[in-house]
Amino acid sequence: MKTLSEDFFTHDTVQAAQDLLGKILVHSLPEGTVSGKIVETEAYLSKDDPACHASRGKTKRNEAMFGPAGRAYVYLIYGMYYCFNAVTREEGVGEAVLIRALEPLEGIPWMQQRRGTSDILNLTSGPGKLCQAMGITRHHNGISLTESKLTILDSREDLKIESSPRIGIKTGVDKLLRFYISGNPYVSARHVRNKKAKKGPVSIRKGKKT
DNA sequence: GGTGGGATTAGCT
DNA sequence: GCTAATCCCACCA
């Protein structure tokens with residue numbers, strides 16, 4: 001397997017969000033390597049998307065989102081947790097893909113220690129959880145995902161993908177910009193109630209294109 | 001099974 | 001001052 005190139009993140013954010021499913025997020029640490037398969041993502045767009053942090057222009061908080069494709073955008077949410085995004089599109093556009101859940105692969109004992117639980121299903125099944133398990137913090141904000149300790153590896157397998165409204169936002173709720181691997185047990189919040197959302201899950205693709 | 005609220009901080013208005 | 005792309009625990013049924 002090889003590292004995804006900057007090119008992968010440049011063209012289209014929704015496409016990248018779907019194509020990131022099944023890829024492997026890897027963090028190489030002194031203690032050892034921690035990795036997991038991406039099973040859930042959300043796309044955040046620059047146009048007509050009030051839920052996107054970049055929608056009101058560049059600020060100190062979101063400036064990494066306006067950087068070149070293939071960088072990390074990490075921010076603190078609710079004062080306690082970090083969320084990890086892969087920046088997409090050309091520099092200055094301000095779009096990204098939020099990684100919402102992983103299936104743990106390597107470094108599980110270390111994840112259990114960081115998360116304070118031995119429950120495998122509870123290690124990386126949410127955006128805040130996976131950052132804690134993977135050791136991702138604000139220090140990773142803006143770093144390159146193609147040439148650092150934090151990378152995403154290519155992987156190819158057949159996937160059944162579904163989409164649904166995004167979770168935890170108050171605007172733009174009806175856009176189907178959340179993507180996940182159908183039936184995967186590590187997908188977060190399968191019973192989350194998004195009160196405003198009118199649309200349910202939609203199956204959008206079976207199998208894998210090359 | 002389900003719901004409701006608290007934790008805790010940076011940055012915007 | 002208030003909000004936020006969350007998580008966890010206490011409480012009720």
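Quick note on labels: first sequence line is chain A, next is B, and so on, each numbered from 1.
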Requested in this report: Examine Tyr82(A) together with Phe84(A) and report whether their ring centres are nearer than 6.0 Å.
Outcome: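 Distance test on ring centres: not under 6.0 Å, no.
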Are OP1 or OP2 of [N] and a side-chain N or O of [X] less than 4.0 angstrom apart?
X	N	result
Lys170(A)	dA4(C)	yes
Arg56(A)	dT13(B)	yes
Arg100(A)	dT6(C)	yes
Thr59(A)	dG11(B)	no
His53(A)	dA4(C)	no

Query - Nucleotide forming a Watson-Crick or wobble pair with dG1(C), both distances under 3.5 Å - result: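 Per the H-bond distance test, dC12(B).
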Query - Nucleotide forming a Watson-Crick or wobble pair with dA10(C), both distances under 3.5 Å - result: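 Per the H-bond distance test, dT3(B).
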**Report entry** Stacked pair Tyr81(A)-dT6(C), distance under 5.5 Å, angle under 30°
**Finding:** no
Report task. Flag as yes if Tyr44(A) stacks onto the base of dA5(C) (centroids under 5.5 Å, planes under 30°), otherwise no. Result ->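 By the stated criterion, Tyr44(A) and dA5(C) stack.
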**Report entry** Shortest side-chain distance from Lys60(A), nucleotide among dT6(C), dC8(C), dC12(B)
**Finding:** dC12(B)
Report task. Test Ile24(A) against Ile152(A) for side chain to side chain contact (heavy atoms under 4.5 Å, CB included), laying out the working first. Result -> CA-CA 5 Å; Ile24(A) 315 297; Ile152(A) 301 178; over 6 Å; no
Query raised in the report: How is Gly79(A) classified with respect to the nucleic acid when contacts are heavy atoms under 4.0 Å: base, sugar-phosphate, or nothing?
Result: base
Report task. Check every strand shown and say whether Ile77(A) touches a base, only sugar-phosphate, or nothing at a heavy-atom separation below 4.0 Å. Result -> sugar-phosphate
Requested in this report: Could you tell me whether the side chains of Tyr44(A) and Glu95(A) share a donor-acceptor contact shorter than 3.5 Å?
Outcome: no
**Report entry** Under 3.5 Å: donor-acceptor pair, side chain of Ser55(A), backbone of Ala51(A)
**Finding:**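 Checking the backbone N and O of Ala51(A) against the side chain of Ser55(A), no donor-acceptor pair under 3.5 Å is found.
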Query raised in the report: What interatomic distance, in whole Å, is found between P of dT13(B) and the corresponding atom of dA5(C)?
Result: 13 Å
**Report entry** Atom C1', compared across dA10(B) and dC8(C): separation rounded to whole Å
**Finding:** 22 Å
Query raised in the report: Closer to the 5' end of DNA chain B via nearest nucleotide, is it Met80(A) or Arg61(A)?
Result: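 Looking at DNA chain B, the more 5' nearest nucleotide goes with Met80(A).
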Query raised in the report: Is a donor-acceptor contact shorter than 3.5 angstrom present between the side chain of Tyr75(A) and the base of dA4(C)?
Result: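 Counting by modelled atom types and ignoring angles, no donor-acceptor contact under 3.5 Å is found here.
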Query raised in the report: Would Arg100(A) count as a cation-pi partner of Tyr186(A), with NZ or CZ less than 6.0 Å from the six-membered ring centre and within 45° of the ring normal?
Result: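 Not flagged: Arg100(A) not positioned over aromatic ring of Tyr186(A).
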